[in-house]
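Before any comments, here is the structure.
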Amino acid sequence: MSWKEGVLFGMETTDLSSRNMRRLHVEQTAMHANEERSQILQVSRSLCWIVEGATCTMGPSNSMEKKSMTAVNMSLPSYKTSSSKGQPHLLDPLLTLRTRAGETNLGQTADRAPTRHFPGRDFMAVPVEEAIAALSTFSLEDDQPDVQGLAVLLSTERCATQSPIEYGDVSAYRLSLVEDTKAINQLNTLIQEGKEMTSVLYTYRSCVKALPQLPDSMKQSQADLYLETYQVLDLEMSRLREIQRWQSSAASKLAADMQRFSRPERRLNGPTITHLWSMLKLLDVLVELDHLKNAKASIPNDFSWYKRTFTQVSVQWQDTDSMREELDDLQIFLSTRWAILLNLHVEMFRVNNVEDILQVLIVFCVESLELDFALLFPERHTLLRILPVLVVLATSSEKDAESLYKRVKINRLINIFKNDPVIPAFPDLHLSPAAILKELSMYFQRFSSQTRLLTLSAPHEIPAREAQDYQRHYLLINHIGAIRAEHDDFAIRFASATNQIVLLKSTDGADIDWSKEAKGNMYDMVVEGFQLLSKWTGRVWEQCAWKFSRPCKDAIPAELRESSTSFFDYEKVVRWNYAAEERKALVELVSYIKSIGSMMQRCDTLVAEALWETIHSEVQDFVQNKLATMMRTTFRKKKDLSRILSDMRTLSADWMANTSKPEIELQSLSHGSEESRGNSFYPRPVAPTTAQVHCLQFLIYELVSGGNLRKPGGLFGNSSSEISANDLKQLETFFYKLSFFLHILDYTATIGTLTDLGFLWFREFYLESSRVIQFPIECSLPWMLVDHIIESQDGGLLESVLMPFDIYNDSAQHALNVLKQRFLYDEIEAEVDLCFDQLVLKLSESIFTYYKSRAASELLDPSFIFALDNGDKYSVRPMRFNAIFKMRRVKLLGRTIDFRSLIAQRMNKIFRDNIDFLFDRFESQDLCAVVELQQLMDILKLSHQLLSEHLSIDSFTFMLSEMQENISLVSFSSRLSSQIWTEMQNDFLPNFVLCNTTQRFIRSSKVPPHPIQKPTVPYAKPNFYCGSQELNTAYQNIARLYSGFFGLPHMFAIVKLLGSRSMPWLIRALLDHISSKITALEPKITGLQEALPKSIGLLSFDGGIAGCQKFVQDQLNWGSKSALKAEIIHDLKEIGSILYWMGLLDIVMREIETTQFMQIAPWLGLIPGTDEQVQQAQDVKNSPIVSLFKSATSVIVSHPRCPSPSSFFTMSKQAEAADLLYRTNMHTGSVLEYTLAFASAALDRYRSKWSAAPKTGFIDITTSKDFYRVYSGLQFGYLEESVQEMSNNRELLGDSVAWGGCTIIYLLGQQLHFELFDFTYQLLNISEAESATITSLPTDRPRHANYGQGWENLLEAMKKARRLNNHVFSMLRARCPLEDKIACAIKQSGAPLHRVKYENTVSAFETLPQKGKV
């Protein structure tokens, strides 16, 4: 299936998440394409036909270039240009153009036939060399790291090595191998068909589970149901019948093929090594089919249903005898274990014995395993799977059964079986040699006597001590150190060899010895790379097989084991069977396999010429030099053997290479003796064909063994003296090299096979045994690896987080092109959709947690960390997310995904959720938590700043405004300001009291009458706080220091959080609250005024303290007004709290404004003056910032090459505007003064009632009922109550009452009256007078013993009240002098203006934003 068919098959490029994600991806792709469209169209349209024409007219001159061109076309998606500067290569611009065309939907332009004429333009004048050079200047590289493997696109061209001509040129060599190669082709065809049959059986799923069950009401439709069921099952049974027929024909063909080489009457040429491998592979396919037939329980279940429905529906049919016979045969085939192998045994020994060829196959398997002749891991696993079956078949012969153990000692077989007790067969099925031998012994009686082989332990029977030894062999964790060293060493040496090839290609006239050495080194590196990849991937297969053979029993978590949860068998062999260190080792090895494979694949066209030349050189050196030496020495008198050597030279010697050398080189090689130099030849990039390799191996085999199948000692056992040890060693080395040549020539297919890890996903056998449709992703090994990378927080593994997704790519490739099952691909695609979404989610959370922890660690007080002994726990370990942030094109199931964009989208959501959580948390606490909110918001803001360096995410200000519902230009309130105001109105003002000494508000000890209902504190993960648990604890301890009071730190936090936009709204809300409280006070004050006596005189000094107190109590008869008194006191408390709150705000804003002034003063040219006033620097026409921009503009504009003078003039004008703006906002006013002016304006409405002018023009001493008289009585009353009832009213009311009452008194102009006529002050004066009188008495005159007793507490409370009142009055006189009514205004931006004189009226404050109008 071509890639175009694959697109039609459902592999369209689309995003994984949702329709919106797909639309976003398409838009981003179009945007990137449009950015370069103007450039690529200008060149591609003009040069496309030239390049295509050059390709046609300047076509490859030899097979090497043809192969390279094919490789280019096959590897477009993963290609990166590697041509050096100044040396444009024809393949590079072609690939650049086609790749660019594929990325920008210009594929039709690049693929269509070359167009010779374009209207309106004459392109024939453009030379081809210039066109190609122009194309080579395009760079398609970016800074995206290579963190993915090869399987980035679904391709249909990746397959095993196979001959494209089916040995069609063998007959030209006249070696009598035509019959042999014909048989090989037939076997290969059967092998391919058998693999398809194996795919059918492996992916077979029960159809019975999907059959509907009819209710009782539809029993009349039972016949129709049977018919439909039969039709469905008949399709599946037809496949099984086809498998039955195929295995019969395959067994017959394999048996006949073996019998050809066992005929005693004549000797045929062969079997060749290729023929032996074909026999073994076909036998392996038959064994796999038999094993699958035995393991699949769904097949006999479906067949029983099929037979039942056939019985029901065949009643109406005629002539069903043949169908019944066929059905009975199929039933016997399916119900008989090892039916295929038993049939093969019958076919092999039907005519004559085949012991000879079976023994040859066994010897070949044993030697290949012992000498590690199997080049790739699939070949080794094939030998291991088939060897026990061959032993059983060979020993089941009726004659000469024991001759096998004469050629192969039984100890050798036992060692092989013991070394590999578990053999990979299928992704989730394994084979055991011991189990196979034991089970087959019941069917082959002659083999049952082989007790030594039958006593081998199966995997589940291995003792614990031996199991530990096997675990050291199978588990990757025991080899990952050595594998890591091999990977690092090979990567360095391969890169060095590649650089040598690049340097060689860029050097004209390079030395031939250096060229040969560099290319030979490149060949050796490729061979070593293939061997490493084969060993590593084989280890992964073997570890999986070992895990499947030994399910987990004790590693399941205790909390899950104690619960009633039932576990699948697949969970026991996968999910709970891999420890954390084993998962880490597997992730590392997958990354190594994919990275080495990608590194080798990217340079396929670069190293192709070197590989082909090296292979040509190896072959020619052997056949022209070494064979010539052998013919002159060892085989000179042996005509038969010399003929074989001559045939080898005839079929593979490239005599034309000798004449293609330059004369200079030939002359340089002419020196030296004739014996020492041999034949010299010029290496050419012309590799041998598959048929030539096949024939050379056959001739070497004939030369060594003489065609004797019973030759002892094996293939290269030196048991005869005809061939010397040195010559035999050379023949053996070249023989093994020939086997690897085919894999080297099929470079891309070999890499694809060695890096294919798709088997880690498949679980068909366990799906059937567990009777589920599919397992959850927690049981999927690829997702387990991804999840381990994220959860482990291992910085060394993070860059490999996308590597396990290549397993999904490999499995999808295998499902479509090998298994050929679309439903498997759909299941893989569905899991990838889910897993990729989870990856984005979890990885985003991990990234966010890291940067949150990093920000919290940076903002943590260094002195706090320095004072701790274990301060290192608050430091954050560096993590490397840079590679992930650069991933714009992630290839997954043939799709291209902008991974960076998905991470950025998720980050935007996480930041918004975090802001929303912080607001929810603050709303569930009191106002004291604003410091914690500000700390957490600072941490979040710094996290955003750090993350913005790598990702394009929304600005933090925008997200904050969005979550505060403050996006509108005319919106001045916000969610936070509204919450602060609500909290102040409902909790802070009623329940917090002021301590004037500490400048703090604390919660009153009085329980509020109506408990405040607040939402519960929301739960969130630690990363929504400070990142890690340790940092959360540290910041919680810091926040706890500010949770018991409200003071300047809290005010700083409020100002910083609200900013200049929402702060004016909050100020206006508080001012309106003052106005409403004053309005509410008016009737209450009037009620107390009416209760006052008509006349209250000054207290008499003669009455003493006790008499004066009794007199005041009698005069202030407010007993019936106690509730009214309490309400007035609480209203005054709230007014005072707001005024003091404004004072704290004024302090904070002045400090902030001072800091800002210190920053802008140098740029505005402001310096301190002699009179402690700020003044402009002398002799300066413009401020420094304006002068700087004007001088820079004049210099730049005067330059003749200035690109845009207008932009620089605009910058100069903007500097002047900034200068004017900052000068205007430099002179700011006071928030406290503004509040006092507003309160004064609000009091003006009640001035006539609370501050009546005396009728006589003199101070009214006795009959006054002004506000100061009422407040004096209130103050006296609650001071007296605090002493008499031993209740600390100061803790219940605090100092806010004094601030509220004294402020109203001061603004009403009654301060002097209050200080003169206040009852408390008069009592203190009387107390002081009495104290002075007693002190002045003679010492011999007796004093009253009870003087002062019982009044100390009251007098002390009155003194504290007087000191507080004096403090308040002094502050008010300083901030709001009555002789000059001045107020300040606040603009809607929140910036206070300079003091402005105007009449104090409420209308003067309409410039503020009105509360509620947002």
Side-chain angles (χ1 to χ4, degrees), residues 993-999 1096-1101 1103-1113 1115-1116 1125 1128-1129 1132-1133 1135-1137 1139-1140 1143 1251 1259 1261 1264 1266-1285 1287-1335 1347-1348 1350-1376 1378:
V993 297
L994 170 66
C995 178
N996 191 76
T997 304
T998 60
Q999 294 184 334
I1096 302 178
L1098 295 176
L1099 300 182
S1100 175
F1101 279 71
I1105 297 175
C1108 292
Q1109 181 186 10
K1110 185 67 172 62
F1111 175 78
V1112 173
Q1113 291 176 353
Q1115 294 294 322
L1116 299 177
K1125 287 168 51 181
I1128 294 175
I1129 290 175
L1132 292 176
K1133 171 183 170 295
I1135 294 175
S1137 297
L1139 292 172
Y1140 198 86
S1251 181
I1259 299 177
I1261 299 176
S1264 175
D1266 289 345
F1267 178 82
Y1268 77 89
R1269 182 70 75 176
V1270 176
Y1271 179 72
S1272 178
L1274 292 172
Q1275 180 179 252
F1276 183 85
Y1278 86 78
L1279 289 175
E1280 189 178 35
E1281 291 175 0
S1282 65
V1283 175
Q1284 291 178 354
E1285 299 177 3
S1287 62
N1288 195 350
N1289 278 350
R1290 189 166 298 276
E1291 292 183 2
L1292 299 178
L1293 299 174
D1295 299 334
S1296 301
V1297 178
W1299 274 89
C1302 292
T1303 300
I1304 295 177
I1305 291 173
Y1306 178 80
L1307 294 177
L1308 292 175
Q1310 300 173 359
Q1311 177 190 353
L1312 295 178
H1313 295 189
F1314 175 76
E1315 291 176 348
L1316 288 174
F1317 306 119
D1318 178 57
F1319 302 118
T1320 302
Y1321 285 17
Q1322 293 184 56
L1323 276 176
L1324 289 175
N1325 292 335
I1326 292 172
S1327 172
E1328 292 172 359
E1330 287 186 355
S1331 177
T1333 302
I1334 294 174
T1335 304
Y1347 172 77
W1351 311 106
E1352 290 86 351
N1353 294 335
L1354 177 61
L1355 293 176
E1356 186 62 30
M1358 290 181 176
K1359 289 178 182 179
K1360 290 181 180 180
R1362 183 171 63 179
R1363 287 196 298 268
L1364 177 60
N1365 294 341
N1366 293 336
H1367 171 74
V1368 174
F1369 286 134
S1370 64
M1371 190 279 300
L1372 293 173
R1373 284 195 299 269
R1375 305 301 297 270
C1376 185
L1378 290 179

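Quick caveat, the model's predicted, so the values are computed rather than measured.
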>> So if I apply the side-chain contact (heavy atoms from CB on, under 4.5 Å) rule between Arg1362 and each of Leu1324, Asp1318, Thr1320, which one comes out positive?
In response: Leu1324
>> According to side-chain hydrogen bond (donor to acceptor under 3.5 Å, both in side chains), who are the partners of Thr1303, at least two apart in sequence or on a separate chain?
In response: none
>> Apply side chain to side chain contact (heavy atoms under 4.5 Å, CB included) to residues Met1371 and Trp1299 and explain how you reach the verdict.
In response: CA-CA 10 Å; Met1371 190 279 300; Trp1299 274 89; 2.8 Å; yes
>> Tell me whether the rings of Phe1319 and Phe1276 are parallel (<30°), tilted (30 to 60°) or perpendicular (>60°).
In response: perpendicular
>> Within this structure, what is the CG-CG distance for the pair Leu1355 and Leu1323, rounded to the nearest 0.5 Å?
In response: 7.5 Å
> Parallel, tilted or perpendicular: which fits the ring planes of His1313 and Tyr1268, with parallel below 30° and perpendicular above 60°?
Replying inline: perpendicular
> About how many Å separate CG of Asn1365 and OH of Tyr1271, when rounded to the nearest 0.5 Å?
Replying inline: 5.0 Å
>> Holding to side-chain hydrogen bond (donor to acceptor under 3.5 Å, both in side chains), I want the full list of residues that pass it with Ser1137, two or more places apart in sequence or in another chain.
In response: Ser1296
> Got a donor-acceptor contact below 3.5 angstrom from the Asn996 side chain to the Asp1295 backbone?
Replying inline: no
> Is Lys1133 close to Val993 at the side-chain level, that is, under 4.5 Å between some pair of heavy atoms?
Replying inline: yes
>> The criterion is ring pair (Phe, Tyr, Trp, His ring centres under 6.0 Å); which residues satisfy it with Phe1267, sequence neighbours excluded?
In response: Trp1250
>> What I'd like to find out is whether the side chain of Lys1125 reaches to under 4.5 Å of the side chain of Ile1128, using heavy atoms alone.
In response: no
>> Test of understanding: with side-chain contact (heavy atoms from CB on, under 4.5 Å), list the residues that count as partners of Thr998, not counting sequence neighbours.
In response: Cys995, Arg1000
>> Holding to ring pair (Phe, Tyr, Trp, His ring centres under 6.0 Å), I want the full list of residues that pass it with Tyr1321, two or more places apart in sequence or in another chain.
In response: Phe1314
> Closest approach of Cys1376 and Leu1307, non-hydrogen atoms and distance?
Replying inline: SG-CD2, 4.2 Å
> How far apart are the closest heavy atoms of Leu1316 and Gln1322, and which atoms are they?
Replying inline: O-CG, 4.1 Å
> Looking at residues at least two apart in the chain, or sitting in another chain, which of them share a salt bridge (Lys or Arg N to Asp or Glu O under 4.0 Å) with Lys1110?
Replying inline: Asp1114
>> Would you say that Leu1293 contacts Leu1132 through its side chain, given a criterion of any heavy-atom pair below 4.5 Å between the two side chains?
In response: no
> So which heavy atom on Cys1108 is nearest to which on Ile1326, and how close?
Replying inline: SG-CD1, 2.9 Å
> So, for Cys1302 and Val1368, which heavy atoms are closest and what is the spacing to 0.1 Å?
Replying inline: CB-CG1, 3.7 Å
